[in-house]
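One structure is given below, encoded as structure tokens.
Every chain is numbered from 1, with letters handed out A, B, ... down the list of sequences.
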Amino acid sequence: MFNNRSRIKELLTSDKTNYQTTVMGWVRTFRNNQFIALNDGSTNNNLQVVVALGSLDETTIKRITTGACIKAVGEIIPSLGKGQKVELIANSVEILGDSDAEKFPLQPKKHSLEFLREIAHLRFRTNTFGAIFRVRHALAFAIHEFFNKKNFVYLHTPIITASDAEGAGEMFKVTTLPLDGTAPKNDDGSINFKDDFFGRSTNLTVSGQLEGELAAMAFSDIYTFGPTFRAENSNTTRHLAEFWMIEPEMAFSDLEDNMNLAEEFIKYIIKHAMDNNREDLEFLAQRLEEEEKSKPQNERSEMGLIEKLEFVVNNDFERITYTEAIDILRESNHNKKKKFQYLINEWGIDLQSEHERYLVEKHFKKPVILTNYPKDIKAFYMRQNDDGKTVAAMDILAPGIGEIVGGSQREERLDKLTQRMNEMHIPTEELDWYLDTRRFGACPHAGFGLGFERIVLFVTGMGNIRDVIPFPRYPKSASF
RNA sequence: UCCUCCUUAGCUCAGUUGGUUAGAGCAUCUGACUGUUAAUCAGAGGGUCGCCCGUUCAAGUCGGGCAGGGGGAGCCA
């Protein structure tokens, strides 16, 4: 057997000393021809491997460079130096993989996030990205744990979809037809997909919600957690062309049940990360604090990262209706002094991100759930309220990020749903399968979508969504 | 897609009103030192100043175009 190594995290957290062990990992720094800071990704903390002077031949010493992969066998002892509790006195060091110091781009110094994004295949080996992706893992695990405990069924909705009528965004086409202009055409010049792989036009999914609703009409409670694709030309710090989305769908639920679940869910996964990835979060908190120092005073956040997360876990989200939000915004000094770029004067307009930020960061200073939006600015499947003007929608807005959840109680009444689809020019024939849920045993139900990377952004305190997914895809960029 | 800022060594950045041979710190290499914590000390190498066109006796510096990147907006999760 090759691998009988100890994990560095276990060595560093145990009080045991004076025993032989084997470690493997990547060299972060090599100081004084004696001290190797070794990292194996199990924690951000390095194990100090001590090489006694003269104990290794000159060629091996030269090959211990930043980025090299090594195996060290030796004894764990209480450290003779300051800065770490234990260290490993190496009896032998074996180079598993060389790393040319002149070419390896990571140096024992600070790099900009922009530079690291260009070498995303190597950035896992930095403290910041090590912490981010361990936290990302913890959040993903907690999501499954949360829903499993609540007896939700994890449903895999299709990634290739035939429906393009959901209106959630621009879609990527999926085809095996030739792209050189020789693809078969209809009389009107459009592509004829009859001879395409699926015999019809297909796309990458923009949402698993409609399929999720089908399953909720059998299992009561389901959730999806998978990749989602939007071909929007969005160049922002909070949009990706490929991202992961969590979409629970619950039968026998109304808007309030929906809000309760979403709030409990967000608190649960944040708490899981705080309980299990404390060190990583503390590292990220420190990183954020240093980054904030370079900002002007008025742009700095009032709370540190850990404080902010604790605050979210321990306090109720503010719940207000769209109408109440409009009143607050209209009466705000900010609006009266015309500090908004888009001034609030009438009911019915869509809120701009400056308005959302004002509500969340200035007025309430906590996550806000906005409900009952005007029906004209929301999707066709949202349940119409009795006032005839609004729908049972809810958005959760998080400080620093904006919309993190979008959800609604679904319109379960067939006549109301088809009427709304007609008004919005959504072809009912194409979604006939969806309408069957309303024909056969319909019930009040609700659900929401949560952008996974947005919650990872929030929990890690990072500023750009491209830094919380391993290999980001966005306009003009699909490297690796 | 729109607005705005940026692009100089491997990285992070200086570079004055256009003017000789474009600098620093870190990294790398060579040597010294050896219980170091992003080790330290001495020395060396390293540049198509993003690309193209223009203005000028002269362009890293001024103007135009293109490309790439950052921030903001829209679309949204």
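- Considering only residues two or more places apart in sequence or on other chains, A:E102 meets the side chain to side chain donor-acceptor pair (under 3.5 Å) condition with none of them.
- Look at the P atom in both B:A22 and B:G47: the space between them is 12 Å, to the nearest Å.
- Annotation: side chain of A:F317 is not in contact with side chain of A:K366 (no heavy-atom distance under 4.5 Å).
- The base of B:C11 lies outside donor-acceptor range of the side chain of A:H111, with no N or O pair under 3.5 Å.
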Exercise for the section: Can you run through RNA chain B from 5' to 3' and write each base as (, ), [, ], | or . depending on how it pairs? Watson-Crick or G-U wobble, both distances under 3.5 Å. Expected result: (((((((..((((.....[...)))).(((((.......))))).....(((((..]....))))))))))))....

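- The C1' atoms of B:C2 and B:C13 are separated by 31 Å, rounded to the nearest whole Å.
- If you check every strand for non-hydrogen atoms under 4.0 Å, A:I404 touches sugar and phosphate atoms only.
- Only the C1' atoms considered, B:G60 is 25 Å distant from B:G71, to the nearest whole Å.
- Contact check, A:S353 against B:A73: a side-chain N or O comes under 4.0 Å of OP1 or OP2.
- Classified by interplanar angle (parallel below 30°, tilted 30° to 60°, perpendicular above 60°), the ring pair A:W244/A:F225 is perpendicular.
- Taking side-chain N and O atoms only, A:T237 has a distance below 4.0 Å to OP1 or OP2 of B:G72.
- Checking the phosphate oxygens (OP1, OP2) of B:A73, a side-chain nitrogen or oxygen of A:R238 falls inside 4.0 Å.
- In the interface, the side chain of A:N46 is not paired with the base of B:U37 through any donor and acceptor atom under 3.5 Å apart.
- At B:U34, none of the side-chain N or O atoms of A:N32 fall inside 4.0 Å of OP1 or OP2 (strictly under the cut-off).
- Contact annotation: side chain of A:S234 to base of B:C76, donor-acceptor pair absent below 3.5 Å.
- Taking side-chain N and O atoms only, A:N464 has a distance below 4.0 Å to OP1 or OP2 of B:G71.
- For the pair A:R357 and B:A73, the criterion of a side-chain N or O lying under 4.0 Å from OP1 or OP2 is met.
- Using a 4.0 Å heavy-atom distance criterion, A:E118 is classed as making no nucleic acid contact.
- Note on ring orientation: taking the six-membered ring where Trp is involved, the planes of A:H334 and A:Y358 are tilted (angle from 30° to 60°).
- Within the structure, a side-chain polar atom (N or O) of A:R466 is placed less than 4.0 Å from OP1 or OP2 of B:G70.
- Listed for the A:E87 side chain is no donor-acceptor partner under 3.5 Å among the backbone atoms of A:I77.
- Within the 4.5 Å cutoff, side-chain heavy atoms of A:T43 are placed close to those of A:I8.
- Side chain of A:R454 to backbone of A:E403: a donor-acceptor contact under 3.5 angstrom is found.
- The phosphate of B:U36 (OP1 or OP2) has no side-chain N or O of A:R31 nearer than 4.0 angstrom.
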Could you list all N or O pairs between the protein and nucleotides 7-10 of chain B that sit under 3.5 Å apart?
{"residue": "B:G10", "atom": "N2", "partner": "A:Q107", "partner atom": "OE1", "Å": "2.9"}
{"residue": "B:G10", "atom": "N2", "partner": "A:Q107", "partner atom": "NE2", "Å": "3.2"}
{"residue": "B:G10", "atom": "N3", "partner": "A:Q107", "partner atom": "NE2", "Å": "3.2"}

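- A distance of 13.5 Å separates OH of A:Y381 from CD of A:Q409, quoted to the nearest 0.5 Å.
- No engagement by A:E247 is indicated, since no non-hydrogen atom pair under 4.0 Å with the nucleic acid exists.
- Using cut-offs of 30° and 60° on the angle between ring planes, the pair A:F380 and A:Y434 is perpendicular.
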